[in-house]
Amino acid sequence: MADFVIAVDGPAASGKGTIATRLATYFDLPVLDTGLLYRCVGVLMERAHEDLDDEAAACAAAAMLTADQLDDPRLRTRAAGELASRVAVHGRVRDALMEFQRTFAGQEGGAVLDGRDIGTVIAPDAQAKLFVTAAPEVRAERRWKQLTAQGETVSYEDVLADIAVRDARDGGRETAPMRPARDAVLLDTSEMTIEQAADAARRIVEAARARWLSST
Ligand code: C5P
């Protein structure tokens, strides 16, 4: 059996992370949340009191990154998300993190990767591509609940403002801006429960898999 790669892209709190994890379980594939790489670079820089706009320093932090650092729950905080989107604008940082992601995508059997540029840059030949979206208010509500459950104290309005800033930065940057690949299927989860969204994603990927199997 050849390799089957699933690319799941989309903005913050669209549901793409949960969808990617569910797809990985269903299709029995390893999954990588690529946002953690950028979060880790941002957190490493902050700990070292580096300037986030310093591309060379961010590159050095990216070069130091190892897979075992990605399990740190501190990478899941609101602050880490903001740090991530600031270092993610640097083209050389993105290049430095590319090999790690492509090696993951290229493993035998295939893989699921979620992020912003998986279908466009990291795995443009992925057999199944999804771009998961939801209205900003819906995403803010979801992210607010998630952060509150993690013990963070933050208002819904602040989370909504964060989301607007991140959408603009991720979609407006020069290198690998967040956008759907031409062959991605758009999945708007605004009106869906996570179960419904995961089900819809599974059906889209099953159809892509059937097309791929019949063409090989
Ligand atoms: O997905 P998550 O919210 O963890 O991503 C954090 C930030 O990392 C994003 O806002 C984005 O700036 C950056 N990122 C990226 N490319 C990816 C994954 C994440 O630029 N493939």
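It should be emphasised that the depicted structure is a prediction, and the values quoted were computed from it without experimental measurement. Read the numbers this way: they start at 1 and go in the same order the structure lists the ligands and their atoms.
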Worksheet entry | Part of His90 within contact of ligand 1 (heavy atoms, under 4.0 Å) | neither

Worksheet item: Can Arg116 and Ser85 be counted as having a side-chain donor-acceptor contact under 3.5 angstrom?
Response: no

Discussion item. Considering both backbone and side-chain atoms of Arg173, is one of its nitrogen or oxygen atoms within less than 3.5 Å of a nitrogen or oxygen in ligand 1?
Written reply: yes

Worksheet item: What part of Arg166 sits under 4.0 Å from ligand 1 if we count only heavy atoms: the side chain, the backbone, both or neither?
Response: side chain

Worksheet item: For Asp33, is at least one N or O under 3.5 Å away from an N or O on ligand 1?
Response: no

Discussion item. Given 3.5 Å as the limit, does a donor-acceptor pair link the side chain of Arg39 with the main chain of Leu75, or not?
Written reply: yes

Practice prompt. Do me a favour and list the nearest non-hydrogen protein atom to atom 16 (N) of ligand 1 with residue, atom name and distance?
Written response: Arg94 NH2, 3.0 Å

Worksheet entry | Protein heavy-atom partner closest to atom 17 (C) of ligand 1 - residue, atom, separation in Å | Arg116 N, 3.4 Å

Discussion item. Give me the nearest non-hydrogen protein atom to atom 12 (O) of ligand 1 as residue plus atom name, then the distance to 0.1 Å.
Written reply: Asp170 OD1, 2.6 Å

Fill in: Enumerated ligand 1 atoms positioned under 4.0 Å from heavy atoms of Ala88
12 (O), 13 (C), 20 (O)

Worksheet item: Mind checking whether Thr34 has an N or O less than 3.5 Å away from an N or O of ligand 1?
Response: yes

Worksheet item: Which residue and non-hydrogen atom of the protein lie closest to atom 14 (N) of ligand 1, and at what distance in Å?
Response: Tyr38 CD1, 3.6 Å

Worksheet item: Side chain, backbone, both or neither: which part of Met178 comes within less than 4.0 Å of ligand 1 when only heavy atoms are counted?
Response: neither

Item to complete: Number the atoms of ligand 1 from 1 as they appear, then name those within less than 4.0 Å of a heavy atom of Ala84, with their elements.
Response: 6 (C), 7 (C), 8 (O)

